[in-house]
There are 2 protein chains.
Amino acid sequence: MTGTLYGLGIGPGDPDLITLKALKRLQSAPVLAYPALEDGDSLARAIIAPHLTAPKIEIAIRIPMTIERAPAQAAYDNAAVEISRYLEKGDDVAVLCEGDPFFYGSFMYLFGRVAEKYKVEVVPGVSSLTACATSLQSPLSARNDILTVLPAPLSSDILRARLQEADSAAIMKVGRHFARVRDVIFDLGLENNARYIERATMENEKIMALADVPKNAAPYFSMILIHKRGQAWK
Amino acid sequence: MTGTLYGLGIGPGDPDLITLKALKRLQSAPVLAYPALEDGDSLARAIIAPHLTAPKIEIAIRIPMTIERAPAQAAYDNAAVEISRYLEKGDDVAVLCEGDPFFYGSFMYLFGRVAEKYKVEVVPGVSSLTACATSLQSPLSARNDILTVLPAPLSSDILRARLQEADSAAIMKVGRHFARVRDVIFDLGLENNARYIERATMENEKIMALADVPKNAAPYFSMILIHKRGQAWK
């Protein structure tokens, strides 16, 4: 009997926003894997730290933050080999995924490498999308709203075209694209319908109007939410 | 001291997909409110039933399923009055919300009626959106995909135009709109990129190709996911 790979959505940052299901799998799996900075900490590991009740074998998947994709692909190749070794022995491996594993998550890279050969079970999690709406105390989408989710690395032309026709929109992974995205939103006159939020539900969560966000200071885990109709519940 | 209104995302259906945070609030609040059919059960109440450890005061918010909005609005007006009575006395009230409270949820109608006068805390939940992707074992969106969320009641022309430009799309609240939505998807030649799913993560979950779904049989809690690029992780 080979082991099972569990892709666990651990939620957006508040350790209490993990589901009971993910918590059970986390606590029962003997091996834990998680993405980590090349020479630093793992945010995912830090989020679930309060829930670790017993020592585990731990695999830090160190992802080089390069523009080219080959170094990251190589890191996932190596991680898949290492994880498969435990699965082959019959050990379950829990992979920690910030937010939800299948919502813009890096888990899919492991999934694609492991799912054809081993059993994989994915546990959905609270995504940053709805966590940000909660922190802003404002419904993300309602009734027949069309919600558009846009990754910030897209070109300004694409962002502009999609924002023009959106009812509500979430711009993900803002990070180093902040200044460019902000300019698009101001060009469209949507700045008063937009809010910037970083590290939603974490202790260092910040919410700001776009004009107040310092240039070049947005972390990767930042998002801009836009509601064209203003407060959806009125 | 008045009480707090808790809007609790209880997840998509599997009772274990509730978060620790929602579970704590659920168990500590003396009053529980939830949407229910006019003369029947409450799905939300059924989902959390395994977690009820002590009797509570319960408020079933019975929503008439009419096309006109006035009867439902009146039901929320009445519920807000009843809930406010407990808040005024200093009792916390937990409102159960399937999925996430701010993601196409009916919680916003209570929120709009109560938030100006009382303290409201919303706990985000696992949405049906990512739960469906998990059940389909297929990433919902990846890398720089644009994800478009479309409520099925929108006109066929709008659905067609938005699906034409989507990378991946989720069509929510399919229910009685199924046959019309299916026809739009076939017209666009996207039927092999689409999957139908109902009651994701519940015991009676069903996944089907569009051609296999019986006409007029889709429940309200059904969704169609479409990935134009096929398997996103390859």
Side-chain angles (χ1 to χ4, degrees), chain A residues 7 9 11-12 14-24 51 99-105 107-109 111-113 115 120 122-127 129-151 153-154 158 162 165 201 231-234, chain B residues 7 9 11-12 14-24 51 99-105 107-109 111-113 115 120 122-127 129-151 153-154 158 162 165 201 231-234:
Chain A
D14 177 341
D16 269 3
L17 288 177
I18 194 171
T19 63
L20 293 185
K21 191 166 190 169
L23 184 63
K24 286 178 189 174
H51 302 307
D100 179 276
F102 279 165
F103 185 75
Y104 296 99
F107 175 69
M108 62 163 194
Y109 301 114
F111 182 73
R113 284 165 170 80
V120 178
V122 179
V123 178
V126 175
S127 72
L129 186 67
T130 61
C132 284
T134 301
S135 291
L136 292 177
Q137 291 254 43
S138 177
L140 181 63
S141 48
R143 293 182 187 134
N144 290 337
D145 281 347
I146 297 175
L147 167 67
T148 308
V149 183
L150 297 161
L154 291 168
I158 292 179
R162 295 310 179 95
E165 59 184 22
T201 82
Q231 305 293 34
W233 65 84
K234 293 217 169 138
Chain B
D14 177 341
D16 269 3
L17 288 176
I18 195 170
T19 63
L20 293 185
K21 191 165 191 171
L23 184 64
K24 285 176 190 173
H51 302 306
D100 179 276
F102 279 165
F103 184 74
Y104 296 100
F107 175 69
M108 63 163 192
Y109 301 114
F111 182 72
R113 286 165 169 80
V120 178
V122 178
V123 178
V126 174
S127 72
L129 186 67
T130 62
C132 283
T134 300
S135 290
L136 293 177
Q137 291 254 41
S138 177
L140 181 64
S141 48
R143 293 180 187 136
N144 289 337
D145 281 347
I146 298 175
L147 168 68
T148 308
V149 183
L150 298 161
L154 290 169
I158 292 179
R162 295 309 180 94
E165 59 185 21
T201 82
Q231 304 294 36
W233 65 87
K234 291 214 170 141

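Since we're looking at a predicted model, the values are computed, not measured. Labels below follow one simple rule: chain letters A, B, ... track the order of the sequence lines, proteins then strands, and each chain is numbered from 1.
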### Query
Hey, are the side chains of A:Leu17 and B:Val123 touching, using non-hydrogen atoms and a 4.5 Å cut-off?
yes
### Summary
Note: vs chain A, highest number of non-hydrogen pairs under 4.5 angstrom among B:Thr201, B:Ile146, B:Val120, B:Val122 is B:Ile146
### Query
Closest heavy-atom contact between B:Leu140 and A:Phe103?
CD2-CD1, 3.9 Å
### Query
Which one, A:Ile18, A:Ile158, A:Leu150, leads in non-hydrogen pairs under 4.5 Å with chain B?
A:Ile18
#### Entry: For B:Phe102 against A:Gln137, the heavy-atom pair lying closest together
CE1-C, 3.8 Å
### Query
Once you round to the nearest 0.5 Å, how far does OG1 of B:Thr148 lie from CG of A:Leu147?
8.5 Å
### Exercise: identify the closest heavy-atom pair between B:Met108 and A:Pro139
CB-CG, 3.7 Å
### Message
Which one wins on heavy-atom pair count under 4.5 Å against chain A: B:Ala131, B:Pro15, B:Gly125, B:Ser127?
### Response
B:Gly125
### Query
Rounded to the nearest 0.5 Å, what separation is found between the CG atom of B:Leu23 and the OG1 atom of A:Thr19?
11.0 Å
### Task
Quickly, which of B:Thr130, B:Asp14, B:Leu129 forms a side chain to side chain contact (heavy atoms under 4.5 Å, CB included) with A:Pro124? Name it, please.
B:Thr130
## Note on the structure
Honestly, the part of A:Asn144 sitting under 4.5 Å from a heavy atom of chain B is both
